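Note that the structure is a prediction, hence the values are computed from the model and not measured.
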Amino acid sequence: FSHNAVVPFVDVGTAGAMHYLAWPLVEGETFNKLIERQGRLSAPEVALYGMLAAEGLEASHQRSILHGLLKPSNMMVTPDQRVKILDFGVGSLLLESESGESVVDTMSSANTLASGLDCASPEGIMDPASMSYPSDQYSLGCILYLSLIQISEPTRLLSISYAVFCLQKNKSQHHLL
C-alpha cells in the first residue's frame, strides 16, 4: 500500500529478545516541533495539512489499516509542505499480534501507550481494542485543534479523553469498594 501521506514499514523483526519496527527516513518537522518553532499555525495551513492527513487516513482505512496512536509527534510536514503520517500501525501492533502476544516489548508498549493518550479518542482510552477509524479521525481533529491554539505538547492541556479516562477509572474504583 502506498500513499503520499503514509510512511510505510520497511522492516519488522526481532534482534535477540527485542522486537523492532523500521521506517524510511523522512525529512521534515513534526507538528509538535513546528508549533514550538513557529507558534500557532494559520487556519489555511491547518486546513491544508488536515486535508492531506485525512486523505492518507482515508486511503489506509479503505485498506482496513488503523493508525491507533495519531499524535502531534508522529505527523510531519516536509520541506515541500506535504504531510507524512509516521508510526503507522504501531497502535494496532501494540494491541497484539496474530498469536496474541505483544509485538513490541512491554516497557516500550507502556511508554508508547501512555504518550499516545494526548490525542486519543475517549473510546480508545476506555477500551483500546475498540479503536476504530473514527478514533483516528478524532485524533487528527485534536492535532489540528492544538495546531490552531499553539499547544505543541498536548499534556499541557487536559484533554477530554484524559478526563473521561480519569472519570471512568474513579468510577471503577468506587465499584470495587
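Using a distance-only test at 3.5 Å, with no hydrogens or angles considered, no donor-acceptor pair links the side chain of K84 to the main chain of V26.
Remark: the S135 side chain and the E123 side chain contain an N/O donor-acceptor pair separated by less than 3.5 Å. Between the side chains of Y49 and Q81, at least one donor-acceptor pair of N or O atoms lies under 3.5 Å.
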side-chain contact (heavy atoms from CB on, under 4.5 Å), that's the test. Do F31 and L41 meet it? Break it down for me. CA-CA 10 Å; F31 265 67; L41 303 183; 4.2 Å; yes
Checking side-chain contact (heavy atoms from CB on, under 4.5 Å) for the pair I35/S147: CA distance, chi angles, key distance, verdict? CA-CA 7 Å; I35 296 165; S147 300; 3.7 Å; yes
What's the verdict on side-chain contact (heavy atoms from CB on, under 4.5 Å) for S60 and L66, showing C-alpha distance, side-chain angles and the deciding distance? CA-CA 7 Å; S60 64; L66 177 70; over 6 Å; no
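Between D136 atom CG and S121 atom OG the span is 8.5 Å, to the nearest 0.5 Å. Distance CG/L57 to NE2/H3: 9.5 Å, rounded to 0.5 Å. Within the model, atoms CD1 of I85 and CD1 of I143 stand 8.5 Å from one another, a figure rounded to the nearest 0.5 Å.
Taking the side chain to side chain donor-acceptor pair (under 3.5 Å) definition, one finds that E45 meets it with Q38, S42, sequence neighbours left out. Partners of T14 under the side chain to side chain donor-acceptor pair (under 3.5 Å) rule, at least two apart in sequence or in another chain, are H19. In this structure, R40 has no salt bridge (Lys or Arg N to Asp or Glu O under 4.0 Å) partners at least two apart in sequence or on a different chain.
Side-chain atoms of V83 and M76, non-hydrogen and from C-beta on, never get closer than 4.5 Å to each other. Side-chain atoms of M75 and L70, non-hydrogen and from C-beta on, do get closer than 4.5 Å to each other.
Applying the side-chain contact (heavy atoms from CB on, under 4.5 Å) test between Y133 and each of Q62, H67, H61 identifies H61 as the sole match.
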